[in-house]
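Below, read A as the first sequence line, B as the second, and so on, with proteins coming before strands; counting in each chain starts at 1. We use all heavy atoms of the structure for the numbers below, so side chains are in, but hydrogens, waters and symmetry mates are not.
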There are 2 protein chains.
Amino acid sequence: MHSEAVASRSADQRDSSRESRHGTPHLDAVSLAIIEQLQEDGRRPYAAIGKAVGLSEAAVRQRVQKLLDQGVMQIVAVTDPLTVGFRRQAMVGINVEGDVESAADALSAMSEVEYVVMTAGSFDILAEIVCEDDDHLLDVINKRIRALPGVRSTESFVYLKLKKQTYMWGTR
Amino acid sequence: MHSEAVASRSADQRDSSRESRHGTPHLDAVSLAIIEQLQEDGRRPYAAIGKAVGLSEAAVRQRVQKLLDQGVMQIVAVTDPLTVGFRRQAMVGINVEGDVESAADALSAMSEVEYVVMTAGSFDILAEIVCEDDDHLLDVINKRIRALPGVRSTESFVYLKLKKQTYMWGTR
DNA sequence: ATCGAGACTTGCGGATTTCGCAGCAATAGC
DNA sequence: GCTATTGCTGCGAAATCCGCAAGTCTCGAT
C-alpha cells in the first residue's frame, strides 16, 4: 500500500513532452505532484518522492532532471532578506518615455533590483529593490534609477511589513 | 590545500549565535557563503559546499540544519508560473480604511495571492496575484478583494512581461 | 586562572541515496 | 506492419548522508 498518489498513469506522461501552442512545455499531474513535493522540501530524496507520487526512484530522478533542464523549476535556497542584513525594501513604480524594454533591461542589470516586471496600468514598470539601509535605498532610487535614460518619473512604496511570501506556484 | 574559500575563521562563527538588537540572528561570512552555494544549487552535496567555503562536511551539515531550523533560509523548488499554467499575474495596490493589518491578513489567506506587503506611500498594501486566466483574475480582484472589509479602493497592474526574478538575497 | 560552553575537525562505520545502465512496454511516426 | 523514441522499472556500484566519539581551540563567566 504505497497507493494513494496519482493513480492511473496510462498515457499521461506524454503530456509532459507535448508543447502547448505557445512553446511552453505542458506538465502532467505527476510532474505537478513532484514539484509540490520539492516545494515542501527541495532536498527530499527521490525515493520518498516516488513513494508519494507513485513512481520509481529512477523515474522521479529523470523527471526532476528534465524539469530542471527545461527550466520549468529550479531548486534553490531562499532567505529572509531581513535576517541576511537587508533592512530596507521598496517597490518602485516607474514611467518611461521611449523604449520601455530597454529601461527594464537596465534595471535588471542592477544588483539591488530583485524583481522587474513590465506592466499595464499607470506604471510601465514595477521594480522591487532590496537594500541594506535607508541611505542605500535613497541612493539607488534617486541617483541610479532616476538617472536611467527614458525614466520620466518614479513612485516608491517602502516596505513596512511583509505579510506573505510563498513559493507554492503549481499547487492548489 | 583545501584552501581558497573564506580564510581566517578564528572567531567568526560566534556571530552566528549573537542576536542583533532586533532579535534576528546575525550571519557570519561563512554562513553567507554556504547560502550562496545553495542558491546556485539547492541539492549540492555538503562535501562540495565544504570544499567551497573551507569547512568540513560535518560542519556544513550542522550549519545548514541550523539555518533551516532557525528559519533563516529554506530550500525549495521554485517554478515559472507560466509553464505551470498560470497565465495572468498582476500587482494590486490597495487602500484601506481602518485596520490595515487585518486587511492584509485577509489577503494573505487567499490562495491566489502570492505576496502581500504593507507599504508606505500612496498604497497601504501591495498584493501580487497569480491566476490561471483573465476570468480568474477579474474574479479575484473585483469580487473577492474589493469585497474585503475596509478596502476602499484598488489599482491593478497586469503583468505584461517578467524581466527579472532572482533569489539571490544575501549574495553580492 | 580555571572551568564550561560552543564550534570545528577528523575519523569512522552503517544506512541511505544517487547514478548509470540494461531491459521492457507502450506510443508515435513512417 | 515495423521501427525509433520515450518513459518506466530493476539492479548493482559508487557516493552521500548521518550520527557519534574524541580532541582542539576560543570566548566568556565564575
Side-chain angles (χ1 to χ4, degrees), chain A residues 1-21 25-35 37-38 40-70 72-77, chain B residues 1-20 25-35 37-38 40-70 72-75 77:
Chain A
M1 71 316 232
H2 59 21
S3 48
E4 9 86 5
V6 185
S8 102
R9 169 164 64 289
S10 54
D12 295 330
Q13 66 274 31
R14 223 141 297 74
D15 288 337
S16 63
S17 62
R18 184 168 58 201
E19 309 272 319
S20 69
R21 41 232 141 279
H26 215 225
L27 300 181
D28 64 15
V30 179
S31 288
L32 258 299
I34 292 175
I35 291 175
Q37 292 290 317
L38 290 172
E40 287 176 23
D41 175 6
R43 275 183 168 256
R44 185 163 298 170
Y46 296 135
I49 298 173
K51 204 140 302 193
V53 307
L55 242 55
S56 70
E57 177 269 336
V60 173
R61 199 189 335 143
Q62 293 168 30
R63 286 178 96 121
V64 168
Q65 194 53 53
K66 180 177 295 185
L67 290 171
L68 294 173
D69 291 342
Q70 289 177 158
V72 173
M73 73 169 182
Q74 43 186 330
I75 300 175
V76 295
Chain B
M1 79 304 239
H2 57 22
S3 50
E4 9 87 4
V6 186
S8 95
R9 167 161 69 291
S10 55
D12 297 329
Q13 66 274 29
R14 220 142 294 78
D15 289 337
S16 64
S17 62
R18 183 170 57 202
E19 310 271 321
S20 69
H26 214 224
L27 300 180
D28 64 16
V30 179
S31 288
L32 259 298
I34 292 175
I35 292 175
Q37 292 289 317
L38 290 171
E40 286 175 26
D41 175 6
R43 277 184 166 251
R44 186 163 297 170
Y46 295 135
I49 298 173
K51 203 140 305 196
V53 306
L55 242 55
S56 70
E57 178 269 341
V60 173
R61 207 192 322 149
Q62 295 170 44
R63 285 218 186 208
V64 169
Q65 195 53 53
K66 180 176 297 184
L67 289 171
L68 294 173
D69 291 342
Q70 288 177 162
V72 174
M73 72 169 182
Q74 43 185 329
I75 299 174

What integer distance in Å separates B/Gln62:CD from D/dG19:P? 11 Å
Report the nucleotide, chosen from D/dG19, C/dT9, D/dC17, that has the shortest atom-to-atom distance to any side-chain atom of B/Pro45. D/dC17
Please step through side chain to side chain contact (heavy atoms under 4.5 Å, CB included) for the pair A/Ile35 and A/Leu27, ending with a clear verdict. CA-CA 10 Å; A/Ile35 291 175; A/Leu27 300 181; 3.9 Å; yes
Starting from the 5' end of DNA chain C, give me the residue, B/Ala58 or A/Tyr46, whose nearest nucleotide shows up first. B/Ala58
Rounded distance (Å) that lies between atom P of C/dA7 and atom CG of B/Leu67: 12 Å
Gap between atoms CD1 and C1', on B/Ile49 and C/dT9 respectively (whole Å): 18 Å
Taking the nucleotide of DNA chain D with the closest heavy atom to each, which residue, A/Ser56 or B/Arg44, is nearer the 5' end? A/Ser56
Round to the nearest Å and state the distance from A/Gln70 atom CD to D/dT6 atom P. 12 Å
Phosphate contact (C/dC8 OP1 or OP2) by B/Arg63 side-chain N/O below 4.0 Å: yes
Tell me whether the side-chain N/O atoms of A/Lys66 come closer than 4.0 Å to OP1 or OP2 in D/dT6. no
Assess whether side chain to side chain contact (heavy atoms under 4.5 Å, CB included) is satisfied between B/Leu38 and A/Val76, documenting all intermediate values. CA-CA 6 Å; B/Leu38 290 171; A/Val76 295; over 6 Å; no
Could you tell me how far apart A/Asp69 (CG) and D/dT6 (C1') are, to the nearest whole angstrom? 16 Å
For the side chain of A/Glu57, counting heavy atoms from C-beta on, which of C/dT18, D/dT9, C/dC8 is nearest? C/dT18
Report which part of the nucleic acid B/Ala59 touches: base, sugar-phosphate, or nothing (heavy-atom distance under 4.0 Å, all strands). sugar-phosphate
Residue from A/Arg61, A/Glu57, A/Gln37 passing side-chain contact (heavy atoms from CB on, under 4.5 Å) with A/Ile49: A/Gln37
Atom-to-atom span, CG of B/Leu55 to C1' of C/dG6 - whole angstrom: 14 Å
Stepwise side chain to side chain contact (heavy atoms under 4.5 Å, CB included) check, B/Lys66 with B/Val72: CA-CA 9 Å; B/Lys66 180 176 297 184; B/Val72 174; over 6 Å; no
Within this structure, what is the CZ-to-C1' distance between B/Arg61 and C/dA7, rounded to whole angstrom? 14 Å
Whether B/Arg43 contacts C/dT18 is assessed here as follows: a side-chain N or O lying under 4.0 Å from the phosphate OP1 or OP2. Is that the case? yes
Please report, rounded to the nearest Å, how far the P atom of D/dG7 is from the CD atom of A/Gln65. 14 Å
Would you check if there is a donor-acceptor pair between the side chains of B/Asp69 and B/Gln65 at a distance under 3.5 Å? yes
